[in-house]
Amino acid sequence: MQKITNSSEETKGLAQDFAKKLTGGEIIALFGDLGSGKTTFVQGLARGLCVKERVTSPTFVILNLHKAKKGLKLAHFDLYRISGPEEFEMIGASDYLGKKNIISVIEWPEKVEPQAESAEASRMKHGRIVRVKYRERRRTKKLLPKETIWINFEHIDENKRKITFKNENQRNKS
Ligand SMILES: Nc1ncnc2c1ncn2[C@@H]1O[C@H](COP(=O)(O)OP(=O)(O)OP(=O)(O)O)[C@@H](O)[C@H]1O
Ligand SMILES: [Mg+2]
């Protein structure tokens with residue numbers, strides 16, 4: 001499913017509608033450029049889930065846990081500054097992800113699960129550039145299970161964003 005929104009309020013509305021379908025245990029991965037509307041979407045989710053606190057973009061905090069309706073919690077991860085999958089595990093990600101009363105939403109999921117095309121990196125060794133495969137790849141797969149809902153955010157112009165809901169197989173395609 002793909003939607004174009006024309007304002008941040010529309011993006012929040014879309015998220016608020018989407019929140020109605022959530023019952024707990026979902027893992028939602030929001031990926032896309034800086035400023036493309038991921039945190040804005042989380043604010044809409046929070047509204048749909050009756051979260052009372054303000055949802056902000058946590059610059060130095062990786063996880064914000066919010067109380068939501070019906071005994072649910074919204075776990076808002078922002079992995080922009082995380083060093084890698086190990087740190088994600090160290091902060092106790094597995095205590096939250098997929099737990100039945102917790103809805104997990106993750107900004108910058110790419111930081112812990114490189115997409116297929118970035119699964120190799122260049123590294124300097126003895127003055128030469130070599131291709132290195134990510135060793136963590138198989139293990140990080142388990143951090144974000146195949147049930148993860150992937151939502152892509154694209155900046156179209158100042159107030160327009162393209163928001164695409166994808167499943168595991170579609171997420172590397174545009
Ligand atoms: N249609 C739209 N949807 C969402 N945000 C919009 C839209 N139009 C304009 N904006 C503005 O774009 C900015 C989006 O910022 P936001 O923090 O949500 O992005 P982000 O993807 O979380 O960025 P980051 O990668 O830095 O975390 C806000 O200032 C918001 O007001
Ligand atoms: Mg953000």
Side-chain angles (χ1 to χ4, degrees), residues 1-22 26-68 72-93 96-98 102-119 121 134 136 140 143-144 148-168 170-174:
M1 190 192 63
Q2 198 165 84
K3 275 264 155 64
I4 302 274
T5 64
N6 296 294
S7 66
S8 55
E9 199 44 48
E10 251 186 63
T11 295
K12 286 182 202 171
L14 178 69
Q16 197 175 346
D17 280 347
F18 174 69
K20 289 183 193 149
K21 299 181 202 152
L22 304 174
E26 291 89 357
I27 301 170
I28 305 154
L30 310 180
F31 66 111
D33 303 334
L34 279 165
S36 57
K38 300 178 294 295
T39 302
T40 305
F41 188 90
V42 180
Q43 288 165 346
L45 272 186
R47 196 155 78 185
L49 295 168
C50 306
V51 169
K52 294 203 185 78
E53 299 141 327
R54 212 161 66 91
V55 170
T56 54
S57 195
T59 316
F60 294 105
V61 185
I62 289 166
L63 167 64
N64 278 328
L65 196 59
H66 301 288
K67 261 196 197 146
L72 290 170
K73 286 187 178 128
L74 179 66
H76 176 201
F77 293 89
D78 190 326
L79 305 183
Y80 189 67
R81 284 167 203 280
I82 209 165
S83 59
E86 288 81 10
E87 193 180 349
F88 191 47
E89 284 187 306
M90 232 158 61
I91 63 159
Y96 303 97
L97 299 183
I102 300 178
I103 294 158
S104 298
V105 62
I106 307 168
E107 294 188 49
W108 293 99
E110 303 95 316
K111 297 278 173 165
V112 294
E113 186 172 1
Q115 298 191 351
E117 58 265 41
S118 58
Y134 275 95
E136 300 90 347
T140 58
L143 291 176
L144 301 182
T148 302
I149 302 162
W150 290 82
I151 308 179
N152 180 233
F153 291 76
E154 287 171 81
H155 188 288
I156 306 290
D157 66 26
E158 194 185 347
N159 293 309
K160 241 191 231 309
R161 303 289 186 270
K162 186 159 91 180
I163 302 173
T164 314
F165 293 71
K166 306 185 176 207
N167 63 30
E168 158 113 332
Q170 301 168 318
R171 79 172 198 264
N172 292 323
K173 298 179 194 154
S174 55

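Counting starts at 1 for both ligands and their atoms, following the listed order.
Taking the side chain as every heavy atom from C-beta outward, Lys166 and Phe31 approach each other to under 4.5 Å. Using a 4.5 Å cut-off on side-chain heavy atoms (C-beta onward), Lys111 and Arg81 make no contact. A heavy-atom distance below 4.5 Å is found between the side chains of Leu30 and Ile151. At a threshold of 4.5 Å between non-hydrogen side-chain atoms, the residues Thr40 and Phe153 do not count as touching. Counting heavy atoms from C-beta outward, Trp108 and Leu34 have side chains that approach closer than 4.5 Å. Contact check for Leu79 versus Ile62: side-chain heavy atoms found under the 4.5 Å cut-off. Here the side chains of Leu45 and Val51 are not in contact, with every heavy-atom distance at 4.5 Å or above.
With hydrogens left out, the protein atom closest to atom 30 (C) of ligand 1 is Ser8 CB, 4.0 Å, a heavy atom. When only non-hydrogen protein atoms are considered, atom 25 (O) of ligand 1 lies nearest to Lys38 NZ, 2.9 Å. For atom 28 (C) of ligand 1, the nearest protein heavy atom (residue, atom name, distance) is Thr40 OG1, 4.3 Å. For atom 26 (O) of ligand 1, the nearest protein heavy atom (residue, atom name, distance) is Leu34 CD2, 3.3 Å. Counting protein heavy atoms only, atom 23 (O) of ligand 1 is closest to Gly35 N, 2.8 Å. Of all protein heavy atoms, the one closest to atom 10 (N) of ligand 1 is Arg161 NH2, 3.4 Å.
Every atom of ligand 1 is numbered from 1 in the order shown, and the set under 4.0 Å from a heavy atom of Glu107 is 22 (O), 27 (O). Short contacts between ligand 1 and Thr39, defined as distances under 4.0 Å to a heavy atom of the residue, involve ligand atoms 17 (O), 18 (O), 20 (P), 22 (O), 27 (O).
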Show your reasoning for whether side chain to side chain contact (heavy atoms under 4.5 Å, CB included) applies to Lys52 and Lys67.
CA-CA 8 Å; Lys52 294 203 185 78; Lys67 261 196 197 146; over 6 Å; no
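For Thr11, every heavy-atom contact with ligand 1 shorter than 4.0 Å involves the side chain, none the backbone. Contacts with ligand 1 closer than 4.0 Å are made by no heavy atom of Tyr80, backbone or side chain. Contact annotation: for Glu158 versus ligand 1, heavy atoms closer than 4.0 Å belong to the backbone alone. Residue-level proximity to ligand 1 for Asp33 is carried by the backbone, the only part with a heavy atom below 4.0 angstrom.
In this structure, Phe77 and Tyr96 have perpendicular ring planes: the angle between them is above 60°, well past the 30° mark.
Residue-to-ligand polar distances keep Lys160 apart from ligand 1: every N/O pair is separated by 3.5 Å or more.
Within a 4.0 Å radius of atom 1 (N) of ligand 1, the protein contributes at least one heavy atom.
The backbone N or O of Ile103 sits nowhere less than 3.5 Å from a side-chain atom of Glu26 that would complete a donor-acceptor pair.
With respect to the Mg ion (ligand 2), Glu107 has OE1 as its nearest N, O or S atom.
The Mg ion (ligand 2) has no N, O or S atom of Tyr80 closer than 2.8 Å.
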